[in-house]
Amino acid sequence: MTKDNLHPFSEAILSWYSSNARDLPWRQTQDPYVIWLSEIILQQTRVAQGLPYFHKLLNTFPTINHLAEADEALLFRNWQGLGYYSRARNLHKTAKLIAQKYHGLFPQTYHELVKLPGIGPYTAAAIASFSFGEAVPVVDGNVFRILARYFGIEIDIMQSSARKEFTEIAQQLIPTDYAATFNQAIMEFGSLQCSPVPNCGTCPLRLSCVAFETQRTQLLPNKSKSKAPRNRYFNYFIVVQRNKFLVRMRADKDIWQGLWEFVQHETLQVAELPDAIGPFENLLTFPTTELQAPAKHLLSHQRIFTRAWLIQVPDNVNIPVPENFQWMDAQDFENCGKPVLILNLITDNLVLHEWLHE
DNA sequence: AATTCGGGGAT
DNA sequence: ATCCCAGAATT
């Protein structure tokens with residue numbers, strides 16, 4: 001579609017955007033590295049939450065070569081608190097791939113971009129359109145919501161077949177000559193105007209919107225409910241000796257891969273102080289005191305109940321260090337990426353807080 | 001096709 | 001409490 005035969009929907013979206021666009025930093029560039037970085041950060045993440053990370057990461061890794069040559073631990077430390085940590089791992093993987101096999105230059109088409117680690121249909125379309133002007137539609141949560149309402153589409157957007165249907169519609173709507181602006185505009189429209197609780201009173205499209213006409217804006221998009229999160233019970237043991245802490249990096253196929261934590265013992269229900277802790281023989285013979293722990297740490301798919309104990313090992317005792325564990329001093333532990341649950345555990349306890357923040 | 005990956009803000 | 005966020009990878 002060109003400018004001369006725009007769908008009324010597209011014309012209205014572009015017009016609305018010209019007077020309602022926010023001034024966001026990644027809209028001031030076409031540099032694919034900057035666009036890519038911002039899009040990975042913004043996956044399932046609100047603008048307000050991602051914004052400080054965008055500035056911090058771009059400052060720490062100004063170019064893709066900086067990122068490619070960086071220690072992955074530094075990336076995880078900078079990603080700390082943002083969640084979905086596989087994004088950081090794939091970011092590094094793709095940076096190295098582009099630096100080495102693409103001579104530091106991004107591929108310029110949707111088809112090539114979508115092959116890269118961490119870049120799926122949405123992000124490939126975003127980079128291809130914003131950086132290179134390719135007329136491929138972004139289909140994110142905003143686009144699902146707007147199109148479902150405007151065209152009265154009843155399909156459950158949680159079904160994987162839904163993406164295909166919405167992408168085909170969006171492809172019909174995207175102006176060939178204004179692909180980047182249209183993609184920015186439709187997402188901005190979804191964020192500010194056709195939001196989950198819509199502002200139909202001021203909407204320029206309400207007279208042609210099926211959901212508004214049929215009073216179904218509350219029912220669309222049709223989204224099946226996600227199942228209830230499962231409960232987990234994490235027991236942490238902060239083992240300290242000579243100002244060092246027994247810690248490990250999580251590497252199992254589980255949450256928080258690549259992040260660091262204290263000795264952990266998971267139970268099937270709220271646990272009392274156990275007789276033994278996994279691979280550790282006699283830790284509990286040393287002075288042990290319970291610490292205040294986050295009562296409940298909420299993830300989108302898990303509820304984690306936590307108890308924590310401080311175990312102070314006398315200087316002259318030799319503790320065998322199990323596989324994957326190591327003694328680490330406060331300075332080194334500070335530089336490790338940690339789950340927010342661990343950060344809260346530290347913050348909530350004065351002694352830990354003083355030990356671990358200088 | 002369904003599940004798993006975080007964390008926070010708005011309602 | 002519930003929803004949802006500029007989704008992607010894995011099962």
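Here is the naming used below: chain letters follow the sequence lines, and residue numbers restart at 1 for every chain. In this text, all values refer to a predicted model and were calculated from it rather than measured experimentally.
- In this structure, the side chain to side chain contact (heavy atoms under 4.5 Å, CB included) partners of A:R27, at least two apart in sequence or on a different chain, are A:Y17, A:A21, A:R22, A:L24, A:Q184, A:E188.
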Give every donor-acceptor pair under 3.5 Å between a side-chain atom in residues 303-314 of chain A and any protein atom, sequence neighbours left out.
unit_1	atom_1	unit_2	atom_2	d
A:R303	NE	A:N231	OD1	2.8
A:R303	NH2	A:N231	OD1	3.2
A:R307	NE	A:E290	OE2	2.8
A:R307	NH1	A:A271	O	2.6
A:R307	NH1	A:E272	OE1	3.4
A:R307	NH2	A:E290	OE1	2.6
A:R307	NH2	A:E290	OE2	3.2

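- Separating the CG atom of A:L147 from the C1' atom of C:dA6 is a distance of 14 Å, rounded to the nearest angstrom.
- The distance from atom CE of A:M187 to atom C1' of C:dC4 is 16 Å, rounded to the nearest whole Å.
- Base contact: A:W26 has a heavy atom under 4.0 Å from a base atom.
- In this structure, A:K225 does not reach the C:dT2 phosphate: none of its side-chain N or O atoms is under 4.0 Å from OP1 or OP2.
- Look at CG on A:D140: it is 7 Å from P on C:dA6, rounded to the nearest Å.
- A straight line from CZ of A:R22 to P of C:dC5 spans 13 Å, rounded to a whole angstrom.
- Note on residues 140-150 of chain A: pairs passing side chain to side chain donor-acceptor pair (under 3.5 Å), not counting sequence neighbours, are A:D140-A:N142, A:N142-A:R145, A:Y150-A:S208.
- When the P atom of C:dA6 is taken as reference, atom CD1 of A:I186 falls 13 Å away, rounded to whole Å.
- A:V247 is connected to A:L345 through a chain of hydrophobic side-chain contacts under 4.5 Å among Ile, Leu, Val, Met, Phe, Trp and Tyr, so both are in one cluster.
- Spacing between atom CG of A:N142 and atom P of C:dC5 amounts to 6 Å, rounded to whole angstrom units.
- Atom P of C:dA6 sits at a distance of 23 Å from the matching atom of B:dC5, rounded to the whole Å.
- Taking atom CD on A:E39 and atom C1' on C:dC5, their separation rounds to 13 Å, with Å as the unit.
- Under the ring pair (Phe, Tyr, Trp, His ring centres under 6.0 Å) criterion, A:F212 pairs with no residue at all, not counting sequence neighbours.
- Rounded to an integer number of Å, the gap from CD of A:Q218 to P of C:dC3 is 14 Å.
- For the P atoms, the distance linking C:dT11 with B:dG6 amounts to 15 Å, nearest Å.
- Among the protein residues, A:R89 comes within range of no part of the nucleic acid, since none of its heavy atoms lies under 4.0 Å from any strand.
- A side chain to side chain donor-acceptor pair (under 3.5 Å) check over residues 49-61 of chain A, counting only residues at least two apart or in different chains, returns the pairs A:T60-A:N78.
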Which pairs would a plain distance check flag for residues 104-119 of chain A, meaning a side-chain donor or acceptor within less than 3.5 Å of a matching protein atom at least two apart in sequence or in another chain?
unit_1	atom_1	unit_2	atom_2	d
A:T109	OG1	A:E112	N	3.2
A:E112	OE2	A:K115	NZ	3.4

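- Listed by first and then second residue, the salt bridge (Lys or Arg N to Asp or Glu O under 4.0 Å) pairs that reach into residues 72-89 of chain A are A:R77-A:E334, sequence neighbours excluded.
- Contacts between residues 111-136 of chain A and DNA chain C, counted as heavy-atom distances below 4.0 Å, involve A:L116, A:P117, A:G118, A:I119, A:G120, A:P121, A:Y122, A:T123.
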Original post:
How does protein contact run along nucleotides 2-11 of chain B, one letter per nucleotide 5' to 3', with B for base contact, S for sugar-phosphate only, - for none, heavy atoms under 4.0 Å?
Top reply: --SBBBBB--

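- The backbone N or O of A:A135 sits less than 3.5 Å from a side-chain atom of A:Q171, completing a donor-acceptor pair.
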